[in-house]
Asks: 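Here's a structure for you.
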Amino acid sequence: MRSTLARAGCGLLLALAVLAAIEGLARLVRPAGRAAEMAAQQESRRWLVISREVGWVRRPGFRGTLYGAERAFDGEGLFTIDSAAAARRGRLVLVLGDSRTFGNGVPTRDSFPAQLGRAMPGVRVINLGVPGHSSFQGGAALRHYARRFRPQVVVFAYGFNDRRYVLRPDEADGERRFRSLARGARWARLARSLAVVDWMRGLPSATTAGERDAVVKQPLDLSTVAPRVSPEAYGRNLEDAARYCRRHGIRLVFLLLNDNPQSTSRLEGGARALREGRWEQAERELRPEVAGDGTFADAARLLLAELHTRTGRRREAAAAAISPRRFYSLAGGYPVRLDSDYRAITERVAAQQRVTMVDAGRLIDQHPAWYFDYCHFNRDGHAAVAGLLARDLGWLDARSAAGARSAAGSAVPHGTVGGLKLAP
């Protein structure tokens, strides 16, 4: 028995020695191009940290150029311009949202949460927007940050990323998905540390781009994909946020922000015609959107497939549902559901749950020049959003500070971002 164990132990040591030798050789022969690509990938994801609870959060201490402007996060992952507000006492507004709240394309001080803070000098405003976040992630962030900061008001602004596709239903947003993401992050870090992995697999294809967005010319049957957050789940996420805020005495505001109507006019027009049974009009609207192959082309493909199905053209329906490309990113693929459908859900939940709704999207839509892409807007657009919110929250700025709850939380434990557990 002992001799068997000894032989096994010697075999293991020999295998480890061989692996170490191969690893050393691989480090010597690792292509310079691969090393440069790895550095670029690390640069692309160094602003975020994977979280079991929220999927991903801002990396504490990050400083650098990100989404069109210089960004700086403090030791909790907050914008450094919000650090002082987080440390003070007084009335507080937390703004939860995606890249539009974060301020993609504008300097941090020009984002609407920052402009709202300047418009309401008696109130602290903290921007908790994270690019790529969905309403499910917003609900998890709400539960954490409300305990941490004890705000009087929470602004909740999601919808775009909820509509982006995932390749399988089990990749939809949820606790299981984010636990899996955290496990994958641990293995990815190990693999990236081994040069032998690079040597054996050679230069990666575009599909191994990590968190960096990658469009791959590979057919995808859109009838098999699912949105990150289905319409039903989106409604439940909003309802959960409303119930949570009501239980804890927090005023909740649903902030509506739209897709750029110049990018979605054909898509939405085709959808309306389809609902009304105007088949020829629907096809005239949808085909140019598909041909343009832009951000919303996959949503148009699915509507065109539905049109063919409803008119008895099964073969054409199957062909229409095939996209010539796949979009890989941490936040999912292209949108496959309509902005107007999720907007209607927000309006319904706001009415049922008696939640204040601020419709900033409708105002920005009246000024097309404010949009600089398919859903993000410039400084003037952010100023308009801040103005609407300031008007709605004027009562908060005028209220006496007496009795306001402290926003200073307990010490944040090591290995967390704002108290959120990170993948080790």
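Residues: numbered from 1 along the sequence shown.
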Asks: So, for His133 and Tyr158, is the gap between ring centers shorter than 6.0 Å?
Replies: no

Asks: Does either side chain, that of Thr264 or that of Asp259, offer a donor lying less than 3.5 Å from an acceptor on the other one?
Replies: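 Not at all, the side chains of Thr264 and Asp259 share no donor-acceptor pair under 3.5 Å.
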
Asks: Identify whether the distance between the nearest side-chain nitrogen and carboxylate oxygen of Glu171 and Arg168 falls below 4.0 Å.
Replies: yes

Asks: Out of Val54, Val57, Leu96, which one pairs with Gln137 under the side-chain contact (heavy atoms from CB on, under 4.5 Å) rule?
Replies: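 The passing option is Val54.
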
Asks: May I ask you to check whether Tyr374 and Phe160 place their ring centres under 6.0 Å from each other?
Replies: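 Yes, the ring centres sit under 6.0 Å apart.
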
Asks: Does Leu388 form a side-chain contact (heavy atoms from CB on, under 4.5 Å) with Arg391? I'd like the steps, not just the answer.
Replies: CA-CA 5 Å; Leu388 287 178; Arg391 185 174 64 184; 3.3 Å; yes

Asks: Distance check, rounded to the nearest 0.5 Å: Ile50 atom CD1 versus Arg179 atom CZ?
Replies: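 Nearest 0.5 Å value for the CD1-CZ distance: 15.0 Å.
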
Asks: Could you tell me whether a side-chain N or O of Ser230 sits under 3.5 Å from a main-chain N or O of Ala226, the two making a donor and an acceptor?
Replies: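 Answer holds: no.
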
Asks: Between atom OG of Ser323 and atom CG of Asp293, what is the distance when rounded to the nearest 0.5 Å?
Replies: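 One gets 6.5 Å once the value is rounded to the nearest 0.5 Å.
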
Asks: Do Arg343 and Glu347 meet the salt-bridge criterion of a basic N to acidic O distance under 4.0 Å?
Replies: yes

Asks: Using modelled atom types and a 3.5 Å cut-off, is there a donor and acceptor pairing between side-chain atoms of Arg301 and backbone atoms of Phe296?
Replies: no

Asks: Where do Arg177 and Asp170 come nearest, in terms of heavy atoms and distance?
Replies: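 Closest pair (atom of Arg177, atom of Asp170, distance): CB-O, 4.4 Å.
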
Asks: Before you tell me yes or no, could you show the steps for Tyr234 and Thr346 under side-chain contact (heavy atoms from CB on, under 4.5 Å), namely the whole-Å CA-CA distance, both residues' side-chain angles and the distance that decides it to 0.1 Å?
Replies: CA-CA 9 Å; Tyr234 180 70; Thr346 305; 2.9 Å; yes

Asks: Find the distance between CD1 (Ile322) and OG (Ser223) and round it off to the nearest 0.5 Å.
Replies: 6.5 Å

Asks: Which atoms form the tightest heavy-atom contact between Arg143 and Tyr244, and what is the distance?
Replies: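 For Arg143 versus Tyr244, the nearest heavy atoms are O-OH, 3.5 Å.
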
Asks: Donor-acceptor check, side chain of Arg354 to backbone of Ala350, threshold 3.5 angstrom: yes or no?
Replies: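 No; zero donor-acceptor contacts below 3.5 Å.
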
Asks: Using 30° and 60° as the class boundaries, would you call the ring planes of Phe136 and Phe178 parallel, tilted or perpendicular?
Replies: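 Answer is tilted, since the angle falls between 30° and 60°.
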
Asks: With a 4.5 Å cut-off on side-chain heavy atoms, are Val253 and Leu389 touching?
Replies: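 SC-SC contact between Leu389 and Val253 confirmed.
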
Asks: If we ignore hydrogens and angles and just use 3.5 Å, is the side chain of Gln115 paired with the main-chain N or O of Ala386 as donor and acceptor?
Replies: no

Asks: Does the side chain of Val49 come within less than 4.5 Å of Trp56's, by heavy atoms?
Replies: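 No - every pair of side-chain heavy atoms lies 4.5 Å or more apart.
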
Asks: I'd like to know if the side chain of Asn260 reaches the main chain of Asp373, judged simply by a donor and an acceptor atom lying under 3.5 Å from each other, with no hydrogens or angles considered.
Replies: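 Between the backbone of Asp373 and the side chain of Asn260 there is a qualifying donor-acceptor contact (under 3.5 Å).
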
Asks: Treating Arg164 as the side-chain partner and Gly333 as the backbone partner, does any N or O pair qualify as donor plus acceptor under 3.5 Å?
Replies: yes

Asks: Which distance, rounded to the nearest 0.5 Å, do you find between the CG of Leu142 and the CG of Leu252?
Replies: 7.5 Å

Asks: Looking at every heavy atom in both Asn127 and Asp82, which two are closest together, and how far apart are they?
Replies: N-OD2, 3.0 Å

Asks: Assess the residue pair Ile126 and Val93 against the criterion (side-chain contact (heavy atoms from CB on, under 4.5 Å)); give the C-alpha distance rounded to whole Å, side-chain angles, the decisive distance to 0.1 Å, and a yes or no.
Replies: CA-CA 6 Å; Ile126 296 179; Val93 177; over 6 Å; no

Asks: State, with a plain yes or no, whether a side-chain heavy atom of Glu268 is found less than 4.5 Å away from one of Asp339.
Replies: yes

Asks: Relative to the ring of His367, is the ring of Trp370 parallel (under 30°), tilted (30 to 60°) or perpendicular (over 60°)?
Replies: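 Parallel.
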
Asks: Just wondering, do Val153 and Val123 contact through their side chains at under 4.5 Å, heavy atoms?
Replies: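 Heavy-atom side-chain distance check fails, nothing below 4.5 Å.
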
Asks: Do side-chain atoms of Arg71 reach the backbone of Tyr67 as a donor and acceptor pair under 3.5 angstrom?
Replies: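 Checked: pair present.
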
Asks: Could you state the interatomic distance from CG (Asn258) to CG (Asp365), rounded to the nearest 0.5 Å?
Replies: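 Output value for this atom pair is 4.5 Å.
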
Asks: Minimum heavy-atom separation for Gly270 to Ala282, with atom names?
Replies: O-CB, 3.7 Å

Asks: Please report the interatomic distance CG(Asp173) to OG(Ser135), rounded to the nearest 0.5 Å.
Replies: 7.5 Å

Asks: Keeping Arg337 on the side-chain end and Pro227 on the backbone end, is there a donor-acceptor pair under 3.5 Å?
Replies: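 Not at all, since once roles are kept as given, no pair shorter than 3.5 Å links the two residues.
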
Asks: Given ring pair (Phe, Tyr, Trp, His ring centres under 6.0 Å), test His382 with Phe377 step by step and report yes or no.
Replies: CA-CA 7 Å; His382 280 272; Phe377 36 90; 4.5 Å; yes

Asks: If every non-hydrogen atom of Gly122 is compared with every non-hydrogen atom of Arg91, which pair is closest and at what distance?
Replies: O-NH2, 3.0 Å

Asks: Near Arg118 CZ, under 6.0 Å, is it more than 12 heavy atoms from other residues, nucleotides or ligands?
Replies: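 Enclosed: over 12 neighbouring heavy atoms sit under 6.0 Å from CZ of Arg118.
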
Asks: I'd like to know if the side chain of Ser329 reaches the main chain of Gly332, judged simply by a donor and an acceptor atom lying under 3.5 Å from each other, with no hydrogens or angles considered.
Replies: yes

Asks: If we only count heavy atoms from C-beta on, is the Phe102 to Ser111 side-chain gap below 4.5 Å?
Replies: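 In short, these two side chains do not touch, never coming nearer than 4.5 Å.
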
Asks: Begin from the C-alpha positions of Val358 and Val385 and carry the test side-chain contact (heavy atoms from CB on, under 4.5 Å) through to its verdict.
Replies: CA-CA 9 Å; Val358 174; Val385 177; over 6 Å; no

Asks: Can you tell which of Glu283, Arg278, Arg284 makes a side-chain hydrogen bond (donor to acceptor under 3.5 Å, both in side chains) with Gln281?
Replies: Arg284

Asks: Between Phe327 and Thr295, is there a side-chain heavy-atom distance shorter than 4.5 Å?
Replies: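 The answer is no; the side chains never approach within 4.5 Å.
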
Asks: Tyr334 ring centre to Arg325 NZ or CZ under 6.0 Å, with the angle to the axis within 45°?
Replies: yes

Asks: Is the Lys NZ or Arg CZ of Arg58 less than 6.0 Å from the centre of Phe73's six-membered ring, within 45° of the axis?
Replies: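 Output yes; distance and angle both within limits.
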
Asks: So does Arg52 pair up with Glu175, basic N to acidic O under 4.0 Å?
Replies: no

Asks: Work out which heavy atom in Leu286 is nearest to a heavy atom in Leu304; give both atom names and the distance.
Replies: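 Closest approach of Leu286 to Leu304: CD1-N, 3.8 Å.
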
Asks: Between the side chains of Arg362 and Asp359, is the shortest nitrogen-to-carboxylate-oxygen separation below 4.0 Å, so that they form an ion pair?
Replies: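 Yes, Asp359 and Arg362 are salt-bridged.
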
Asks: Tell me whether Arg326 is salt-bridged to Asp298, with the criterion being a basic N under 4.0 Å from an acidic carboxylate O.
Replies: no

Asks: Taking the side chain as everything from C-beta on, heavy atoms only, tell me whether Thr224 gets closer than 4.5 Å to Leu222.
Replies: no

Asks: Under 4.0 Å between a Lys/Arg side-chain N and an Asp/Glu carboxylate O for Arg228 and Asp162?
Replies: no

Asks: Does the side chain of Ile345 come within less than 4.5 Å of Pro231's, by heavy atoms?
Replies: yes

Asks: Checking Arg59 side chain against Arg46 main chain: does a donor-acceptor pair fall under 3.5 Å?
Replies: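 Between the backbone of Arg46 and the side chain of Arg59 there is a qualifying donor-acceptor contact (under 3.5 Å).
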
